[in-house]
Amino acid sequence: MLRSHTCGELNKSNADETVTLCGWTDRIRDLGGANFIDLRDRYGITQIVFAPEAGEALLKSAQKLRSEDVIKVIGTVQPRPLGQENPKLPTGEIEIRVTELEVLSKSEVPPFTPNQHELPNEDLRLKHRYIDLRRRDMMNTLMLRSKIIKSMRDYFDTHNFIDVETPILGRSTPEGARDYLVPSRVHNGSFYALPQSPQIYKQIMMIAGYDRYIQVARCFRDEDLRADRQPEFTQLDVEMSFIETEDILSLIDGLMAELAKEILDLDISLPLPRMTYDEAMKRFGHDAPDLRFGMEIVDVTELAKSCDFKVFSEPANSGKFVRGVNAPGAAANYSRRKIDELTEFVKGNFGAKGIVWFKVDEEGILTAPSAKNFSAEQLVQIGEAMDAKPGDLLLFLCDDWNVTCRGLYGLRKRFGAELKLYDPNAMHFSWIVEFPMFDRDEEGDRWNAMHHPFTAPRQEDLATLESDPSGARAQAYDLVINGFEAGGGTIRIHDGEVQSKVFSLLGMTKETARDRFGFLLDALSYGAPPHGGIALGIDRVVMLFAKLSNIRDCIAFPKTQKATDMMTEAPGDVDEAQLAELGITIVKPETEEV
RNA sequence: GGCGCUGUAGCUCAAUUGGUUAGAGUACUGGACUGUCGAUCCAGUGGUUGCGGGUUCGAGUCCCGUCAGCGUCGCCA
């Protein structure tokens with residue numbers, strides 16, 4: 001070891017010890033006759049002092065040090081002079097009187113420093129990630145991530161789970177997200193696919209009799225990025241045999257309670273609240289609602305049917321919906337111009353036609369340009385339905401179910417943040433259960449699996465599965481934290497007959513099913529236990545526990561929105577020879593005529 | 001693919017309705033300073049205003065295109 005101690009551990013009890021420290025020079029305070037340097041490593045900061053007593057030469061060489069030089073110093077631990085302690089540092093009551101200095105590595109002038117107050121632009125941070133990762137915040141986050149993953153592993157180990165690694169090079173499956181493909185050299189023209197999740201492997205582990213499996217698994221999906229989505233991400237993948245929905249939920253309940261306690265010292269009461277998918281869509285317009293605040297959606301379609309205001313009555317009487325939200329106390333701060341902005345927001349993002357709004361005045365009366373279209377009684381009824389109080393702003397969308405859901409979800413989310421309707425430190429865990437088995441294909445009248453084609457329907461929906469597919473509910477569940485889908489899973493079909501029914505509803509013939517999932521169907525036919533599982537998005541869990549607003553900040557080397565790595569500049573070109581070996585020719589896209 | 005925000009010194013930002021030589025803090029360079037801790041003080045270097053076009057007597061500012069980062073919709077079983 002080059003060092004005897006780290007920069008975070010020395011205190012008064014080490015007084016007079018001779019120590020050797022290594023680290024990066026953080027802040028340098030050169031007073032001419034004496035030089036104070038904050039020496040930094042992962043563990044903390046220790047002040048080292050170059051005093052004239054140690055010799056002119058030493059002081060001179062210390063004065064040549066600059067930001068981010070890596071040095072080794074030998075010196076004695078001394079209590080700081082009275083009144084010179086730094087209460088901000090755990091090591092603040094001591095300092096190191098340096099007797100020897102060795103520069104291990106000189107640094108160029110860095111484009112930014114880990115201690116600066118204003119964070120540089122994100123592209124610069126990503127390009128020089130090795131400097132960004134030196135920042136205390138990043139170190140804390142990555143250490144937190146490590147701790148969370150260790151807690152997860154410990155929890156499942158205690159519950160008798162086996163950690164099994166599954167292949168990264170797999171086979172492309174046609175359902176779901178786009179695959180990342182890897183060309184085969186040995187089989188020119190054939191490709192491996194990187195796993196979107198270890199879904200099929202973990203089911204096969206169940207069939208193989210490993211009844212409790214976990215894996216911290218890297219997953220890959222070639223889809224567009226978001227603040228909470230990266231093309232490669234990490235899942236805590238779990239699967240169990242001989243269990244029902246209840247077993248998975250209570251297992252994960254226990255994990256969440258343990259994490260909340262260990263990481264945040266937070267007591268959460270179990271079982272975590274549960275809400276059906278239908279209820280979530282009705283009350284919040286989304287299957288991952290942020291339940292840290294209210295502002296629920298209210299359906300006033302019935303009221304709207306009988307009023308003279310065509311914007312309300314026409315959609316209401318033609319099978320569409322009039323639904324609204326109450327933005328509490330927002331009337332004063334939302335001018336016509338700001339409401340116009342909200343209108344553009346729902347038009348542009350969710351395909352709504354516009355917003356009908358009312359402000360509630362001091363007497364509790366609804367006022368708006370469109371109010372003249374309503375009788376006084378109708379306005380009162382609307383106000384009551386919305387639980388309107390003086391100063392509130394009521395916003396309505398009149399459209400089909402999906403547009404009202406999406407638009408009001410968007411408005412609710414926006415108001416939640418703008419009106420600070422929740423404590424940003426609050427943590428709300430809940431389950432959304434009973435997802436539909438199928439949803440309608442956008443183009444044709446085909447059914448799509450809402451989760452994946454191996455998801456089991458609820459027992460009580462088995463009989464009507466084929467007669468009423470839209471009413472069939474799945475044994476599927478999502479864990480939602482603060483409005484983020486933190487995980488999701490299902491109980492799987494282990495019965496060949498049910499599986500065939502589902503395939504045929506999805507428009508798959510026996511032959512297609514066999515072609516696509518033959519190996520799994522084979523496996524299922526050789527003695528498959530009832531099984532199910534869940535996958536938690538570790539990046540998102542860490543983001544939420546660390547109170548961050550994007551998952552890039554809890555990933556050491558994340559990718560940009562265009563899925564590039566700014567540090568390594570991946571993806572990059574490869575040699576012609578490499579391509580030739582793989583039998584690949586690049587077809588340049590035709591340049592369009594101007 | 002659509003929409004939006006951002007892009008000015010190494011970094012973080014400013015620059016009035018489009019108007020003189022594009023400023024400040026910090027970093028950097030040099031100097032002063034023996035108790036600092038976001039050290040202080042003095043001086044200095046540092047600019048293709050992302051890139052390309054256009055409008056104009058004149059563009060950091062307006063328009064068009066383009067690139068990059070971020071947010072979001074589509075997409076993500």
Counting only side-chain nitrogens and oxygens, does A/Gln84 get under 4.0 Å of the OP1 or OP2 atom of B/U36?
yes
If you assign A/Glu85 and A/Gln199 each to the RNA chain B nucleotide with the nearest heavy atom, which residue ends up on the more 5' nucleotide?
A/Glu85
One pair to check against side chain to side chain contact (heavy atoms under 4.5 Å, CB included): A/Thr490 and A/Arg492. What are the steps and the verdict?
CA-CA 6 Å; A/Thr490 65; A/Arg492 332 293 180 193; 2.5 Å; yes
In whole angstrom, give me the gap between the C1' atoms of B/G50 and B/A39.
37 Å
Closest to the A/Asp38 side chain: B/C37, B/C76, B/G71?
B/C37
Shortest non-hydrogen contact from A/Ile555 toward A/Met138
O-CE, 4.4 Å
Does A/Arg66 make a side-chain N or O approach to OP1 or OP2 of B/U29 shorter than 4.0 Å?
yes
Evaluate the ring planes of A/Tyr334 and A/Phe415, with Trp represented by its six-membered ring, and classify them as parallel (under 30°), tilted (30 to 60°) or perpendicular (over 60°).
tilted
Any base atoms under 4.0 Å from A/Leu119, or only sugar-phosphate, or nothing? Heavy atoms, all strands.
sugar-phosphate
Could you check how far CD of A/Glu341 sits from C1' of B/G71, rounded to whole Å?
16 Å
With B for base contact, S for sugar-phosphate-only contact and - for none (protein heavy atoms under 4.0 Å), nucleotides 3-8 of chain B reads ------
So what does A/Leu225 hit on the nucleic acid, given a heavy-atom distance under 4.0 Å: a base, only sugar-phosphate, or nothing?
nothing
Of the listed nucleotides B/G69, B/U72, B/C37, the one nearest the side chain of A/Arg80
B/C37
Taking a pair as Watson-Crick or G-U wobble with both distances under 3.5 Å, which nucleotide is matched to B/G38?
none
Students often get this wrong, so: under 4.0 angstrom with heavy atoms, is A/Thr46 touching a base, only sugar-phosphate, or nothing?
nothing
Between A/Asp468 and A/Ser470, is any side-chain donor less than 3.5 angstrom from a side-chain acceptor?
yes
Classify the side-chain pair A/Ser197/A/Gln235 by whether it contains a donor and acceptor separated by less than 3.5 Å.
no
With a centroid cutoff of 5.5 Å and a plane-angle limit of 30°, would you call A/Phe36 stacked on B/U36?
yes
Out of B/G74, B/C37, B/C76, minimum distance to the side chain of A/Arg406 belongs to B/G74
Side chain of A/Arg27 only, please: which of B/C70, B/G38, B/U36 is the nearest?
B/G38
Expressed as a whole number of angstroms, how long is the span from A/Leu82:CG to B/U36:P?
13 Å
Please name the pair of heavy atoms, one in A/Ile432 and one in A/Asp287, separated by the smallest distance, quoted to 0.1 Å.
CG1-O, 3.3 Å
What's the gap between B/U49 and B/G44 when it is taken at their P atoms, as a whole Å value?
24 Å
Side-chain atoms of A/Arg229 come closest, of B/C75, B/G71, B/A68, to B/C75
Spacing of the C1' atoms in B/C42 and B/G71 (rounded, Å):
45 Å
What integer distance in Å separates A/Leu65:CG from B/C28:P?
12 Å
Among the candidates B/C11, B/C37, B/G38, find the nucleotide nearest to the side-chain atoms of A/Gln47.
B/C37
Could you state the CG-P distance from A/Asp26 to B/U36, rounded to the nearest angstrom?
19 Å
Contact under 4.0 Å: A/Arg29 side-chain N or O vs B/U36 OP1/OP2
no
Once rounded to the nearest 0.5 Å, what's the spacing between atom OG1 of A/Thr568 and atom NZ of A/Lys559?
7.0 Å
Check: A/Asp30/A/Gln63 side-chain N/O donor and acceptor closer than 3.5 Å:
yes
Kindly point out which of B/C28, B/G1, B/C37 is positioned nearest to the side chain of A/Asp224?
B/G1
Closest nucleotide among B/C75, B/U34, B/C70 to the A/Leu31 side chain:
B/U34
A/Arg226 vs B/C73: side-chain N/O to OP1/OP2 distance below 4.0 Å:
yes
If you measure from CZ on A/Phe519 to CD1 on A/Ile204, what distance do you get to the nearest 0.5 Å?
5.5 Å
Heavy atoms, side chains only, cut-off 4.5 Å: are A/Arg136 and A/Arg40 in contact?
yes
When the C1' atoms of B/A9 and B/G25 are considered, how many whole Å apart are they?
12 Å
So A/Tyr409 and A/His286, would you call those rings parallel, tilted or perpendicular, with 30° and 60° as cut-offs?
parallel
Sort out the partner of B/U12 for me: Watson-Crick or G-U wobble, both distances under 3.5 Å, none otherwise.
B/A24
Where protein sits on nucleotides 40-51 of chain B, one letter per nucleotide: B base, S sugar-phosphate only, - none, heavy atoms under 4.0 Å:
------------
Assess the side chains of A/Asn115 and A/Thr113: does a donor N or O sit below 3.5 Å from an acceptor N or O?
yes
What interatomic distance, in whole Å, is found between C1' of B/C28 and the corresponding atom of B/G69?
26 Å
Look at all strands and tell whether A/Arg125 reaches a base, only sugar-phosphate, or nothing, counting heavy atoms closer than 4.0 Å.
nothing
Please state whether the phosphate of B/G69, meaning OP1 or OP2, lies under 4.0 angstrom from any side-chain nitrogen or oxygen of A/Thr564.
yes
Among B/C37, B/C28, B/U36, find the nucleotide with the atom closest to the side chain of A/Asn86.
B/C37
Should A/Lys88 be listed as having a side-chain N or O under 4.0 Å from OP1 or OP2 of B/G38?
yes
Would you mind classifying the nucleic acid contact of A/Glu95 as base, sugar-phosphate or nothing, using non-hydrogen atoms under 4.0 angstrom?
base
The side chain of A/Glu122 is closest to which nucleotide in this list: B/C73, B/C70, B/U36?
B/C70
Can you tell me the pairing partner of B/C75 across any strand shown, Watson-Crick or G-U wobble, with both distances under 3.5 angstrom?
none
For B/C67 and B/G53, measure between their C1' atoms and round to the nearest Å.
15 Å
Pick base, sugar-phosphate or nothing for A/Pro120, based on heavy-atom distances below 4.0 Å to the nucleic acid.
sugar-phosphate
Going by purine N1 to pyrimidine N3 plus the second Watson-Crick contact, or the G-U wobble pair, all under 3.5 Å, which nucleotide sits opposite B/G46?
none
Go ahead and name the base partner of B/A68; Watson-Crick or wobble counts if both distances stay under 3.5 Å, otherwise write none.
B/U6
Please report, rounded to the nearest Å, how far the C1' atom of B/C73 is from the CG atom of A/Asp228.
14 Å
Scan A/Pro111 against the nucleic acid and name what it touches under 4.0 Å (heavy atoms): base, sugar-phosphate only, or nothing.
sugar-phosphate
Interatomic distance at P, B/A24 relative to B/A14, whole Å
16 Å
Going by purine N1 to pyrimidine N3 plus the second Watson-Crick contact, or the G-U wobble pair, all under 3.5 Å, which nucleotide sits opposite B/G19?
B/C57
A/Thr560 vs A/Phe350, nearer the 5' end of RNA chain B by closest nucleotide:
A/Thr560
Using the P atom in both, what is the distance from B/U45 to B/G2, to the nearest Å?
47 Å
Pairwise distance CG(A/Asn140) to CZ(A/Arg42) - rounded to 0.5 angstrom
10.5 Å
Would you call the rings of A/Tyr130 and A/His128 parallel, tilted or perpendicular if under 30° counts as parallel and over 60° as perpendicular?
perpendicular
